[in-house]
Amino acid sequence: MEFLRKREKGSTKSLAERLGVSRKTVQCYLSGTSTKPNKRLQEALVQETESEWQPQVRARVRQRATTSGGLVIKFRASLGFTANGSSDDARVRDLSIAVSPSHAALILAAQEEGATDTDLHEAVAEAIADAYFRQGGGGRAGLKVKFTDVEWLNIEF
């Protein structure tokens with residue numbers, strides 16, 4: 001109840017309207033006079049709290065991923081590049097790869113801007129290529145990596 005009142009800028013009147021109860025009911029719960037809401041009010045509290053809380057949590061997690069934490073991309077797909085006889089030839093791999101915050105920012109920004117699956121696929125492939133094959137540049141900085149036949153892909157924060 002207190003969280004929702006803060007979201008309503010302290011107004012018990014607007015909170016009461018939002019929850020479909022009287023202002024007095026809201027005041028009773030805030031003061032501790034009432035402690036066990038009826039089923040309808042409990043459902044309204046849960047629904048309204050989740051609608052306000054989840055976007056905040058999601059935004060914080062996304063912010064952390066793009067500034068310090070990066071993402072972990074887990075997948076089963078054909079991954080590699082052509083290098084005659086190299087162990088880096090394209091083949092099906094099950095991998096879990098931590099990608100940098102800069103790549104996380106690109107992937108999440110593309111997603112938020114409504115990028116197509118193809119665009120997202122390219123951003124994920126580039127992030128995987130940098131983390132797995134290029135590892136800080138070196139002689140492989142210009143390497144073109146093939147990321148195809150994706151069976152499954154999971155991105156974790």
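Here the structure is a predicted model, which means the values were calculated and not measured.
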Task: Which residues share a side chain to side chain contact (heavy atoms under 4.5 Å, CB included) with Thr12, sequence neighbours left out - done: Arg5, Arg23, Val26, Gln27, Leu30

Open item on the list: To check you understand the geometry: which heavy-atom pair defines the closest contact between Ala98 and Ala131, and what is its length?
Closed with: O-CB, 3.5 Å

TODO: Please step through side chain to side chain contact (heavy atoms under 4.5 Å, CB included) for the pair Leu153 and Ile73, ending with a clear verdict.
DONE: CA-CA 7 Å; Leu153 181 128; Ile73 301 175; 4.1 Å; yes

TODO: Would you check if Leu71 and His103 make a side-chain contact, meaning some heavy-atom pair closer than 4.5 Å?
DONE: no

Task: For Ser78, all residues meeting side chain to side chain donor-acceptor pair (under 3.5 Å), sequence neighbours excluded - done: none

Open item on the list: Quick check for you: to the nearest 0.5 Å, what is the distance between Glu126 atom CD and Ile107 atom CD1?
Closed with: 10.0 Å

- [ ] Only counting residues at least two apart or in another chain, list the ones meeting side chain to side chain donor-acceptor pair (under 3.5 Å) with Thr35.
- [x] none

TODO: Measure the shortest side-chain to side-chain distance between Val72 and Ile97 over non-hydrogen atoms and say whether it is less than 4.5 angstrom.
DONE: no

- [ ] Rounded to the nearest 0.5 Å, what's the gap from NZ on Lys24 to OG1 on Thr33? Could you check?
- [x] 9.0 Å

Task: Intermediate values then yes/no, side chain to side chain contact (heavy atoms under 4.5 Å, CB included), Val99 and Tyr132 - done: CA-CA 9 Å; Val99 299; Tyr132 190 71; over 6 Å; no

Open item on the list: Ignoring hydrogens, what is the shortest heavy-atom contact between Ala65 and Ala104? Give both atom names and the distance.
Closed with: O-CB, 3.4 Å

TODO: Output the distance between atom NZ (Lys6) and atom CG (Leu15), rounded to the nearest 0.5 Å.
DONE: 13.0 Å

Open item on the list: Run the side chain to side chain donor-acceptor pair (under 3.5 Å) test against Glu151 and tell me which residues pass, sequence neighbours left out.
Closed with: Arg76

- [ ] Could you pull out all residues at least two apart from Gln63 that satisfy side chain to side chain contact (heavy atoms under 4.5 Å, CB included)?
- [x] Thr66, Thr67

Open item on the list: What I'd like to find out is whether the side chain of Leu4 reaches to under 4.5 Å of the side chain of Leu19, using heavy atoms alone.
Closed with: yes

- [ ] Please collect all salt bridge (charged side-chain N to carboxylate O under 4.0 Å, His left out) contacts where either partner lies in residues 103-119, sequence neighbours excluded, each pair once.
- [x] Arg62-Glu112

Task: Residues which pass side chain to side chain contact (heavy atoms under 4.5 Å, CB included) with Gln42, listed by chain and number, not counting sequence neighbours - done: Pro37, Val46

TODO: List the steps, then state whether side chain to side chain contact (heavy atoms under 4.5 Å, CB included) holds for Val57 with Arg60.
DONE: CA-CA 5 Å; Val57 171; Arg60 272 197 305 262; 3.7 Å; yes

- [ ] Check whether any side-chain heavy atom of Lys146 sits under 4.5 Å from a side-chain heavy atom of Leu79, and report yes or no.
- [x] no

Open item on the list: I'd like to check the salt bridge (Lys or Arg N to Asp or Glu O under 4.0 Å) partners of Arg18; sequence neighbours left out, ordered by chain and number.
Closed with: Glu8, Glu48, Glu52

- [ ] Kindly write out the residues that satisfy side chain to side chain donor-acceptor pair (under 3.5 Å) with Ser11, not counting sequence neighbours, or none if the list is empty.
- [x] Ser14

Open item on the list: I'd like to know whether Leu120 forms a side chain to side chain contact (heavy atoms under 4.5 Å, CB included) with Gln111, so could you lay out the CA-CA distance, the side-chain angles of the two residues, the decisive distance to 0.1 Å, and finally the verdict.
Closed with: CA-CA 7 Å; Leu120 286 171; Gln111 182 186 37; 4.1 Å; yes

Task: Partner residues of Phe157 under the ring pair (Phe, Tyr, Trp, His ring centres under 6.0 Å) criterion, sequence neighbours left out - done: none

Open item on the list: Using 0.5 Å steps for rounding, measure from the CG atom of Leu95 to the CD1 atom of Ile128.
Closed with: 8.0 Å

Task: Closest contact, heavy atoms only, Pro101 versus Gly69 - done: CG-N, 4.2 Å

TODO: For residues 59-79, pull every pair meeting ring-ring contact (aromatic ring centres under 6.0 Å, His included), keeping only residues two or more places apart or in separate chains.
DONE: Phe75-Phe147

Open item on the list: With ring-ring contact (aromatic ring centres under 6.0 Å, His included) as the rule and sequence neighbours excluded, what pairs involving residues 12-36 come up?
Closed with: none

TODO: Report yes if the side chains of Arg40 and Val21 come closer than 4.5 Å at any heavy-atom pair, otherwise no.
DONE: yes

Open item on the list: Would you say that Ile155 contacts Val124 through its side chain, given a criterion of any heavy-atom pair below 4.5 Å between the two side chains?
Closed with: yes

